[in-house]
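Remarks on the structure that follows.
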Amino acid sequence: MHDLDPTPSAPERPSKTQRKKASHELQDLGEALVALPEARVRDLDIPEGLRDAVHEYRRTRSHEGRRRQMQYIGKLMRGADTAPIRQAVLDMQLGRAKDSLALHEAERWRAELVADDAGVGAFVRQFPAADTQQLRSLVRAARKDAALAPEQRSGRAYRELFQFIKQVRDEHE
């Protein structure tokens with residue numbers, strides 16, 4: 001009789017599609033690795049050969065040379081622990097996202113402050129350490145600048161108000 005048992009006796013190798021997918025993921029991670037600042041790469045717990053390959057990639061100028069070096073980095077990463085690299089990339093992305101959110105919040109505050117006086121009260125309640133007199137002065141100047149015709153605006157008061165808001169937020173955190 002034929003053995004109809006569907007389970008093989010030997011462990012199954014990953015399919016070609018799975019191997020390709022893993023390879024592409026490592027390639028993408030390698031691209032993120034070379035995009036990290038030099039100081040972060042230096043501090044990572046990665047093999048010295050991989051660190052050297054990243055350094056060499058940065059020195060390479062030709063397109064084909066960079067492509068081949070990136071493939072080499074991917075090959076080296078197959079044998080390395082990728083957890084520290086993934087964490088460093090995530091930390092970098094999270095830092096950029098936080099910076100972006102902080103800028104959006106500062107822009108929102110600026111728009112609210114210029115819109116009406118209730119914004120000044122709300123800002124002072126949320127950031128009691130803020131210099132209220134300087135805030136009111138900057139808001140007045142920004143409103144005066146906003147009231148001018150577009151070609152007459154300097155934008156300086158808007159920028160100063162924005163910088164003041166960022167500084168107060170940073171001190172508050």
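Computed from a predicted structure; not experimentally measured.
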Nearest 0.5 Å, what's the [atom1]-[atom2] distance between [X] and [Y]?
X: L138; Y: R143; atom1: CG; atom2: CZ; result: 12.0 Å
X: R108; Y: L101; atom1: CZ; atom2: CG; result: 11.5 Å
X: F162; Y: L113; atom1: CZ; atom2: CG; result: 12.0 Å
X: D43; Y: L36; atom1: CG; atom2: CG; result: 11.0 Å
X: L26; Y: K21; atom1: CG; atom2: NZ; result: 12.0 Å
X: K20; Y: E25; atom1: NZ; atom2: CD; result: 14.0 Å

### Query
Does the pair L94 and L90 meet the rule for a side-chain contact (heavy atoms from CB on, under 4.5 Å), with working shown?
CA-CA 6 Å; L94 182 61; L90 282 174; over 6 Å; no
### Query
Please walk me through it: do E48 and D52 pass side-chain contact (heavy atoms from CB on, under 4.5 Å)?
CA-CA 6 Å; E48 195 61 37; D52 292 342; 3.6 Å; yes
### Message
Pair R110, E107 - check salt bridge (charged side-chain N to carboxylate O under 4.0 Å, His left out), show working.
### Response
CA-CA 5 Å; R110 178 175 62 186; E107 288 171 357; 5.1 Å; no
What pairs of donor and acceptor atoms, side-chain ones from residues 129-137 against any protein atom, are under 3.5 angstrom apart with sequence neighbours left out?
from: D131; atom 1: OD1; to: Q133; atom 2: N; distance (Å): 3.3
from: D131; atom 1: OD1; to: Q134; atom 2: N; distance (Å): 3.4

### Side chain D145, main chain G155, donor-acceptor under 3.5 Å
yes
### Message
Between E171 and V168 (side chain of the first, backbone of the second, donor and acceptor by atom type, cut-off under 3.5 Å), is there such a pair?
### Response
no
For residues 65-89, which side-chain donor-acceptor pairs fall under 3.5 Å, sequence neighbours excluded?
from: R66; atom 1: NE; to: T60; atom 2: O; distance (Å): 2.8
from: R66; atom 1: NH1; to: Y57; atom 2: OH; distance (Å): 3.3
from: R67; atom 1: NE; to: E64; atom 2: OE1; distance (Å): 3.1
from: R67; atom 1: NE; to: E64; atom 2: OE2; distance (Å): 3.4
from: R67; atom 1: NH1; to: Q71; atom 2: OE1; distance (Å): 3.4
from: R67; atom 1: NH2; to: E64; atom 2: OE2; distance (Å): 2.6
from: Q69; atom 1: NE2; to: A53; atom 2: O; distance (Å): 3.0
from: D81; atom 1: OD1; to: A83; atom 2: N; distance (Å): 3.3
from: T82; atom 1: OG1; to: R86; atom 2: NE; distance (Å): 3.4
from: Q87; atom 1: NE2; to: D91; atom 2: OD1; distance (Å): 2.9

### Task
Of all the heavy-atom pairs spanning R58 and V41, show the shortest one and how long it is.
NH2-CG2, 3.7 Å
### Task
Please name the pair of heavy atoms, one in R19 and one in P14, separated by the smallest distance, quoted to 0.1 Å.
NH1-O, 3.1 Å
### Side-chain touch I165/E105, heavy atoms, less than 4.5 angstrom
no
### F123 and F127 aromatic centres sub-6.0 Å
yes
### Task
Not counting sequence neighbours, which residues clear side-chain hydrogen bond (donor to acceptor under 3.5 Å, both in side chains) with R156? List them please.
E160
### Task
Could you give me the CA-CA distance, side-chain angles and deciding distance for V114 and Y158, then say whether side-chain contact (heavy atoms from CB on, under 4.5 Å) is met?
CA-CA 9 Å; V114 172; Y158 251 55; 4.0 Å; yes
